[in-house]
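Just below is one structure, and these are the notes that go with it.
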Amino acid sequence: MSRLDTVIVGAGPYGLAAAAHLHRAGQDVRIFGTPLEFWRTRTPIGMMLRSPYRGSDIGDPDGAHTLQAYADDSGAPVPRPIPVDRFVDYGSWFQTRAVPGLDRRQVRRVSASDHGFHVELDDGQSVTADRVVVAAGVGTFAHVPRQFRELDPRLWSHTLDRHDLSQIARGHVAVVGGGQSALESAALLRELGADVDVLVRARAVRWLSEGSWKHRNPVTSALLYSKPDVGPALASHLVARPDLYTRMSRPAQDRLATRSVRPAGAGWLRPRMEAVRLRTDVAVRDVIGEGDRIKLTASDGVTDVYDHVVLGTGYRVDLAKYAFLDPALLDRVDLDAGYPRLSAAFETTVPGLHVLGAPAARRYGPLMRFVAGSGFAARALTRGLER
């Protein structure tokens, strides 16, 4: 059993960015996981990133491993919007150059020990570490409405459950949700031959457009939007500066977060939705399994029978859903509505246990839900550990 300064759990954008920064700072760090495994295995085939090109760089201490540098090195321009499979390839390219010591074993358990943390791996071996950085993504946070929880799971899927949508692209399919994952899944299912209805709680689908005059004009674009382009005009400058976000009152933070991450679809997706039926201002009221089909009744009283229902109902952070965290260790972490309370170095109330990514969004804002936040998180973590 070896001993390390720092173990990173997860090799998504946040884990890779943290490892790259800590390596550059001379830390003895080991990162465990498969590069961008969630994106590689649980994102539907054919999906694109909603994030803009300029907001999709993985945090790099030198600025040398950007998406554009990857495109130049590969000799193939990256399309806009960015196909997920190209982003996954970019992640692997980033890892081989900035994080060469990655260990592809999976972490099965993190528990406290007398001198830091005990980390058990999927092959039965273990390591000990002074610090553990959790960068495990959102895969375990999928939100399933209560009406579906007791239903035969063969009748429904969350958007992250179906890497290959052709398996359910038959007959009549309902998609629940008005965000990017729901809308793009609906477009992909229709293009694969399914007859698709989309049920949206809002009165109208909200579309984001980078082609508006605000974005096309370089002066107004620079004035109104920060580089990561997360959040509405002007507000995106606050979102891009998590240190400022932390100084806002809780009510102001909540208002800004709601405006910045509310369900919406990218403007480039809209033409692909013409053959999809959109039903707005409706919610799922009741669902009943009928053999290999599912009867769904909406709040407007309309009942339809579907061959499958896809839930684009997003994610709800709850640190307790990270099954690899030992319950005794988790009990010592101070949580606020499922989010850990964090220090300036992303450290929880358990000394040496740090958490990056979406679980840090309550402290540092909605930027932590996007790839663009990986650089800030990695820099803040590194500064804290150096001190």
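Just so you know, residue 1 is the first one in the sequence shown, and it goes up from there. Just so we're clear, the structure is a prediction, and the values are computed from it rather than from any experiment.
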Check your understanding: Is there a side-chain contact (heavy atoms from CB on, under 4.5 Å) between Q106 and F32 once you walk through the steps?
Key -> CA-CA 6 Å; Q106 300 295 314; F32 292 96; over 6 Å; no

Practice item. Please determine which of R363, R250, R362 meets the salt bridge (charged side-chain N to carboxylate O under 4.0 Å, His left out) test together with D336. Key: R362

Using modelled atom types and a 3.5 Å cut-off, is there a donor and acceptor pairing between side-chain atoms of [X] and backbone atoms of [Y]?
| X | Y | result |
| --- | --- | --- |
| Y364 | A344 | yes |
| E184 | M48 | yes |
| Y90 | A71 | no |
| Y245 | Q253 | yes |
| R149 | V144 | yes |
| R30 | T6 | no |
| D307 | H172 | yes |
| T159 | S181 | no |
| E290 | I294 | no |
| T349 | D334 | yes |

Got more than 12 heavy atoms from elsewhere within 6.0 Å of [atom1], [X]?
| X | atom1 | answer |
| --- | --- | --- |
| R270 | CZ | no |
| R154 | CZ | no |
| R206 | CZ | yes |

pair [X]-[Y]: side-chain heavy atoms closer than 4.5 Å:
| X | Y | value |
| --- | --- | --- |
| L16 | L36 | yes |
| W268 | R80 | no |
| V355 | Y339 | no |
| H158 | T313 | yes |

Check your understanding: What do the steps show when you test D304 against R279 for salt bridge (charged side-chain N to carboxylate O under 4.0 Å, His left out), and what is the final call?
Key -> CA-CA 12 Å; D304 280 301; R279 294 173 55 191; 3.4 Å; yes

**Study point:** Between T297 and R285, a side-chain donor and acceptor under 3.5 Å
**Key:** no

